[in-house]
Participant: 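Here it is: the structure, laid out below.
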Amino acid sequence: MQKWIVKSLVASVVGLSLATTAFAADPAKKNIVIGTTVGDFGDMVKQEIKPQLEKEGYSVKLVEFTDYVRPNLALAEGSLDVNVFQHKPYLDSFSKEHNLQLTAVFQVPTAPLGLYAGKSKSLKDVKNGASVAAPNDPSNFARALVMLSDLGWIKLKPGINPLTASQHDIAANPKDIKILPLEAAQLPRARSDADFAVINGNYATSSGIKLTEGLYQEKSYAYVNWGVVKSADSGKPWVKDVIAAYNSAEFKAWAKQKYAGYKFPANWK
């Protein structure tokens with residue numbers, strides 16, 4: 001009887017040890033450096049992701065950037081382990097241009113492109129000849145055209161690449177919509193001069209516009225931002241732990257409360 005008890009205790013201790021090991025930090029990687037742009041993505045790390053990973057035994061450092069070039073270069077050279085700031089089309093283009101081996105491994109809540117009221121206050125108010133201010137850079141202008149096509153205000157040529165759509169790809173404009181290309185940062189102020197404005201989420205929030213005020217949001221998940229690692233690291237245990245933190249029930253509940261109107265990762269549905 002005593003031998004059975006001893007064996008049971010040993011088995012229990014071993015089982016507890018194995019269970020503890022499963023949730024401990026990757027023994028080959030104790031320190032994780034995450035790079036983000038300043039703002040929401042950095043706040044996510046500071047308020048939720050860093051505490052979660054540190055509970056598992058990691059030491060986490062956040063590095064915040066004010067541009068879209070250095071985060072990928074820093075990741076490729078090894079001064080970052082993960083970066084969070086970019087959508088997949090940008091990652092693919094940048095990686096090809098600079099010959100970088102980087103892999104997107106998880107999506108993050110992202111402030112989407114939206115159509116906001118200007119002189120007209122409702123989608124029902126759209127009239128022939130209505131003006132729509134839109135970002136003038138090629139990537140975001142293409143997104144704006146796809147939104148207007150989804151709304152039925154214009155029609156794009158069949159088979160065009162929605163990521164590179166331009167004025168030349170408009171097949172029909174039955175409402176004679178006047179599209180006014182402007183610098184993205186100017187769009188919140190331009191609402192008073194146009195009937196509607198297509199505004200990037202970050203410029204909307206930074207100017208005090210609530211994303212929930214948007215009359216329409218882009219449907220595509222192509223521009224939801226990603227967490228990215230070096231391709232050689234993508235299958236490592238510590239990367240799986242980072243992914244788990246960004247997809248945890250705790251983070252989901254926090255993000256959905258804090259970021260109303262954001263586009264959430266497709267796998268959260």
Side-chain angles (χ1 to χ4, degrees), residues 18-92 94-95 98 100-112 201-202 221-259 262-269:
L18 290 174
T20 303
T21 302
F23 291 96
D26 180 355
K29 181 72 173 176
K30 295 291 187 181
N31 303 310
I32 299 175
V33 183
I34 302 176
T36 72
T37 42
V38 174
D40 298 342
F41 299 132
D43 292 342
M44 291 175 197
V45 174
K46 286 181 280 191
Q47 296 182 41
E48 282 290 321
I49 303 305
K50 185 175 188 285
Q52 281 197 48
L53 291 173
E54 289 184 340
K55 285 180 183 177
E56 295 186 21
Y58 292 100
S59 174
V60 179
K61 178 183 177 182
L62 171 66
V63 179
E64 294 181 286
F65 296 86
T66 57
D67 69 277
Y68 295 150
V69 175
R70 289 182 298 154
N72 278 334
L73 298 179
L75 178 61
E77 71 184 16
S79 56
L80 296 179
D81 297 305
V82 186
N83 71 36
V84 181
F85 78 99
Q86 64 194 315
H87 51 61
K88 192 70 164 47
Y90 179 82
L91 170 65
D92 292 343
F94 192 95
S95 297
H98 296 274
L100 304 181
Q101 300 300 311
L102 304 178
T103 299
V105 289
F106 60 88
Q107 288 185 326
V108 293
T110 306
N202 60 312
Y221 274 80
Y223 294 98
V224 172
N225 286 11
W226 287 80
V228 177
V229 300
K230 287 188 291 187
S231 299
D233 289 339
S234 59
K236 292 182 178 178
W238 65 267
V239 173
K240 293 179 181 178
D241 287 339
V242 173
I243 295 171
Y246 273 98
N247 285 291
S248 67
E250 180 182 344
F251 180 68
K252 288 178 184 178
W254 175 84
K256 287 180 178 179
Q257 181 177 13
K258 185 173 178 64
Y259 298 119
Y262 277 52
K263 208 167 198 65
F264 296 110
N267 68 338
W268 285 17
K269 291 184 177 181

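Since the structure is predicted, the reported quantities are computational estimates derived from the model, not experimental observations.
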Participant: Looking at residues at least two apart in the chain, or sitting in another chain, which of them share a ring-ring contact (aromatic ring centres under 6.0 Å, His included) with Phe41?
Facilitator: none
Participant: Quick check: closest heavy atoms across Ile34 and Val84, and the distance to 0.1 Å?
Facilitator: CG2-CG2, 4.5 Å
Participant: Which residue pairs satisfy the side chain to side chain donor-acceptor pair (under 3.5 Å) criterion with at least one member in residues 71-84, sequence neighbours excluded?
Facilitator: Lys29-Asp81, Asn72-Asn83, Asn72-Gln86, Glu77-Ser79, Asn83-Gln86
Participant: Do Val82 and Trp238 pass the side chain to side chain contact (heavy atoms under 4.5 Å, CB included) test, and can you show the C-alpha distance, the side-chain angles, and the key distance before you say yes or no?
Facilitator: CA-CA 11 Å; Val82 186; Trp238 65 267; 3.7 Å; yes
Participant: So, Lys46 and Glu64, do they make that salt bridge, N to O below 4.0 Å?
Facilitator: yes
Participant: Measure across Val45 and Pro51 and return the closest heavy-atom pair with its distance rounded to 0.1 Å.
Facilitator: O-CD, 3.8 Å
Participant: For Tyr90, does its backbone N or O pair with a side-chain atom of Tyr68 as donor and acceptor, under 3.5 Å?
Facilitator: no
Participant: With no hydrogens and no angle check, is any side-chain donor or acceptor of Ser95 less than 3.5 Å from a backbone partner on Leu102?
Facilitator: no
Participant: If I compare all heavy atoms of Phe65 with all of Pro71, which pair ends up nearest, and what's the gap?
Facilitator: CG-CG, 3.7 Å
Participant: Compare every heavy atom of Asn202 with every heavy atom of Ala111, then report the nearest pair and how far apart it is.
Facilitator: CB-N, 4.1 Å
Participant: Any sub-3.5 Å donor-acceptor pair from Gln107's side-chain atoms to Ala266's backbone N or O?
Facilitator: yes
Participant: Quick one: which of Phe264, Tyr246, Trp254 gives a side-chain contact (heavy atoms from CB on, under 4.5 Å) with Pro109?
Facilitator: Phe264
Participant: Drop me the distance from Asp40's CG to Gln47's CD, to the nearest 0.5 angstrom.
Facilitator: 10.0 Å
Participant: Tell me, please, which residues at least two apart from Lys236 pass salt bridge (charged side-chain N to carboxylate O under 4.0 Å, His left out).
Facilitator: Asp233
Participant: Calculate, to the nearest 0.5 Å, the distance between atoms CH2 and CG belonging to Trp268 and Asn247 respectively.
Facilitator: 7.0 Å
Participant: Lys230: which residues meet the salt bridge (charged side-chain N to carboxylate O under 4.0 Å, His left out) condition with it, sequence neighbours left out?
Facilitator: none
Participant: Please determine whether side chain to side chain contact (heavy atoms under 4.5 Å, CB included) holds for the pair Tyr223 and Thr110, giving the CA-CA distance in whole Å, both sets of side-chain angles, and the decisive distance to 0.1 Å.
Facilitator: CA-CA 8 Å; Tyr223 294 98; Thr110 306; over 6 Å; no
Participant: So, do Leu91 and Trp226 sit near enough that their side-chain heavy atoms are less than 4.5 Å apart?
Facilitator: no
Participant: Taking atom NZ of Lys50 and atom CG of Leu62, what is their separation to the nearest 0.5 Å?
Facilitator: 8.5 Å
Participant: Only one of Asn31, Leu53, Val33 clears side-chain contact (heavy atoms from CB on, under 4.5 Å) with Val60; which?
Facilitator: Leu53
Participant: List the residues meeting ring-ring contact (aromatic ring centres under 6.0 Å, His included) with Tyr221, not counting sequence neighbours, and say none if there are none.
Facilitator: none
Participant: Which pair of heavy atoms, one from Leu73 and one from Leu100, lies closest together, and at what distance?
Facilitator: CD2-CD1, 4.3 Å
Participant: If you count heavy atoms of other groups shown closer than 6.0 angstrom to NZ of Lys88, is the number above 12?
Facilitator: no
Participant: For Tyr58 and Asp26, indicate whether the former's side chain and the latter's backbone hold a donor-acceptor pair under 3.5 Å.
Facilitator: yes
Participant: Distance from Met44 atom CE to Thr36 atom OG1, nearest 0.5 Å?
Facilitator: 9.5 Å
Participant: Under a 3.5 Å distance rule, please check whether Thr37 uses its side chain to pair with a backbone N or O of Phe85 as donor and acceptor.
Facilitator: no
Participant: Could you grab the distance from atom OG of Ser59 to atom CD1 of Ile32, nearest 0.5 Å is fine?
Facilitator: 9.0 Å
Participant: Restricting to non-hydrogen atoms, name the atom on Val239 and the atom on Ser234 that form the minimum distance, rounded to 0.1 Å.
Facilitator: CG1-O, 3.7 Å
Participant: Using the test side chain to side chain contact (heavy atoms under 4.5 Å, CB included), find all partners of Ala222 that sit at least two apart in sequence or belong to another chain.
Facilitator: Leu163, Ser220
Participant: Please indicate whether Lys30 has more than 12 foreign heavy atoms, meaning atoms of other residues, nucleotides or ligands, lying under 6.0 Å from its NZ.
Facilitator: yes
